[in-house]
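Worksheet for the structure shown next.
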Amino acid sequence: MNKGQILYGYEGTDKGGLVCTDQDMLDKQKGVLSEVAKQLVKNAMKGLSISHISLPIKIFEPKSSIQRIVDLWTFAPKYLA
């Protein structure tokens, strides 16, 4: 895998940072900030700290829920045999 494949959808800035230019990726991440803000408000109302916030899975993995479930069950024939 080369550098172009790894950094697909990103462009470098003059200061050495990266900027996401892939609109599909940005669209998938919409709503993450509002989900985290909702959890912050709920936890503040309950008196809990920021450490009790769970981050949405779509931050870390762009797969849908059904894709993750299928991935879990792909090894079932091997272990159930």
Side-chain angles (χ1 to χ4, degrees):
M1 187 174 280
N2 63 20
K3 184 178 177 181
Q5 291 173 328
I6 294 170
L7 297 176
Y8 175 76
Y10 292 94
E11 290 182 9
T13 63
D14 295 337
K15 295 181 180 181
L18 288 175
V19 176
C20 182
T21 57
D22 187 3
Q23 192 60 41
D24 290 335
M25 189 183 307
L26 292 172
D27 289 340
K28 288 178 184 178
Q29 297 299 321
K30 285 184 180 177
V32 171
L33 185 61
S34 64
E35 289 180 36
V36 172
K38 286 178 190 176
Q39 285 188 12
L40 275 172
V41 171
K42 285 181 186 177
N43 286 349
M45 298 295 277
K46 292 178 185 176
L48 299 174
S49 70
I50 193 170
S51 65
H52 289 87
I53 293 176
S54 60
L55 295 174
I57 290 182
K58 64 182 176 180
I59 288 177
F60 306 110
E61 188 174 6
K63 293 182 181 181
S64 68
S65 296
I66 192 74
Q67 287 173 321
R68 282 186 268 114
I69 291 169
V70 169
D71 285 346
L72 289 173
W73 283 98
T74 55
F75 294 106
K78 182 177 180 177
Y79 294 117
L80 295 176

Q) Do the side chain of Thr21 and the main chain of Gly9 share a donor and acceptor less than 3.5 angstrom apart? A) yes
Q. With Ser49, which residues qualify under side-chain contact (heavy atoms from CB on, under 4.5 Å), at least two apart?
A. Ser51, His52
Q: Among Ile, Leu, Val, Met, Phe, Trp and Tyr joined by side-chain contacts under 4.5 Å, find the other residues sharing a cluster with Met45 and list them by chain and number.
A: Val41
Q | Residues which pass side-chain contact (heavy atoms from CB on, under 4.5 Å) with Thr74, listed by chain and number, not counting sequence neighbours | A | Val70
